[in-house]
Amino acid sequence: MKTLSEKLQETTQFLKEKGIGDVEFGLILGSGLGELADEIEEAVAIAYEEIPNFPVSTVTGHAGKLVYGTLSGRKVLALQGRFHYYEGYAMTTVTYPVRVMAALSAHSVVVTNACGGVNETFKPGDLMLITDHINFMGTNPLIGANEEDLGPRFPDMSQAYTGDYRKKVAEVAQTRGIDLKEGVYMGFSGPTYETPAEIHMARILGADAVGMSTVPEVIVAVHNGLKVLGISCITNLAAGMQANLNHTEVVETTERVKAEFKELIKETLAVL
Ligand code: HPA
């Protein structure tokens, strides 16, 4: 069986042959936030199913793609459509794109998501800078043999969300008049939304927002030595804080705030 490093070698060789050069920033675009990839200039887009060792999207209906090019003067590789644990993928599969970004010499990842607000001062449509996370997914993407050339056996998660990036995005938000919230993201496996009792627990444990992604990718980014900027879009109030939850509201909210979201990411990329 091929090692992870051998698979990465195959994948990156293919991508380089397709015209993907060195990457500075990987962008992982969450539900409803994928449109940012459409603004990448001199774009090279490659469907996931063409890429060796890449997971094939079976659930979402339409295939995702990798988009490489320039955004705000930075060389970016965007993942338009991420892989979720609840879709049935192994954690190593969910996080494979982050490994690919690192193998293409990215020094940072910008991770975004749609999530539920737990903090009572948040409202749907708010953007939240992720300051830290709680891994409540019941597993960890680094379980298994460690490949030392990728990263250490016991990665330090004390500063997973890069302090300097947090400061810069907060400055950009202030200049632009964007009311950027800050808080702790708690990752659940999904695919059910949480129960009101689980949200009560999440709040007691220190969560400001809950979602079904981001945590695995950030763990692997840290393992790989990447800097991380995490931005959440609060699409709804979490279970028990509003009458009921549904995916339609999640989509509608991202639709409403995507212009502000795109502006925040683009302006921030220019100063990171
Ligand atoms: N919970 C979990 N994931 C989510 C939510 C939520 O309330 N909203 C959007 N993604």
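Order of listing sets the numbers, starting from 1, for every ligand and every atom in it.
- Ionic pairing of Glu263 and Lys266 is not present here: no N-O contact between side-chain nitrogen and carboxylate oxygen is shorter than 4.0 angstrom.
- Those atoms of ligand 1 that come under 4.0 Å of a heavy atom in Met212, given as number and element, are 2 (C), 3 (N).
- Against a heavy-atom cut-off of under 4.0 Å, Asn236 is close to the following atoms of ligand 1: 5 (C), 6 (C), 7 (O), 8 (N), 9 (C).
- Contact atoms of ligand 1 toward Glu194: 1 (N), 2 (C), 6 (C), 7 (O) (distance under 4.0 Å to a heavy atom of the residue).
- With sequence neighbours left out, Lys168 forms a salt bridge (Lys or Arg N to Asp or Glu O under 4.0 Å) with Asp164.
- When the heavy-atom distances from atom 6 (C) of ligand 1 to Ser31, Ala114, Gly116, Pro191 are ranked, the shortest goes to Gly116.
- Between His247 and Val251, some side-chain heavy-atom pair lies under the 4.5 Å cut-off.
- Those atoms of ligand 1 with a heavy atom of Leu245 less than 4.0 angstrom away are 7 (O).
- Looking at Leu264 and Ile231, their side chains come closer than 4.5 Å, going by heavy atoms from C-beta outward.
- Contacts between Asn113 and ligand 1 below 4.0 angstrom, taking non-hydrogen atoms only, are absent altogether.
- In this structure, the protein non-hydrogen atom closest to atom 3 (N) of ligand 1 is Gly211 CA, 3.4 Å.
- A salt bridge links Lys258 with Glu35; the closest basic N to acidic carboxylate O contact falls under 4.0 Å.
- Ion pair Glu10/Lys2 flagged as a salt bridge, since at least one NZ, NE, NH1 or NH2 atom sits closer than 4.0 Å to an Asp/Glu carboxylate oxygen.
- Of the heavy atoms in Thr235, only side-chain atoms (C-beta onward) come closer than 4.0 Å to ligand 1.
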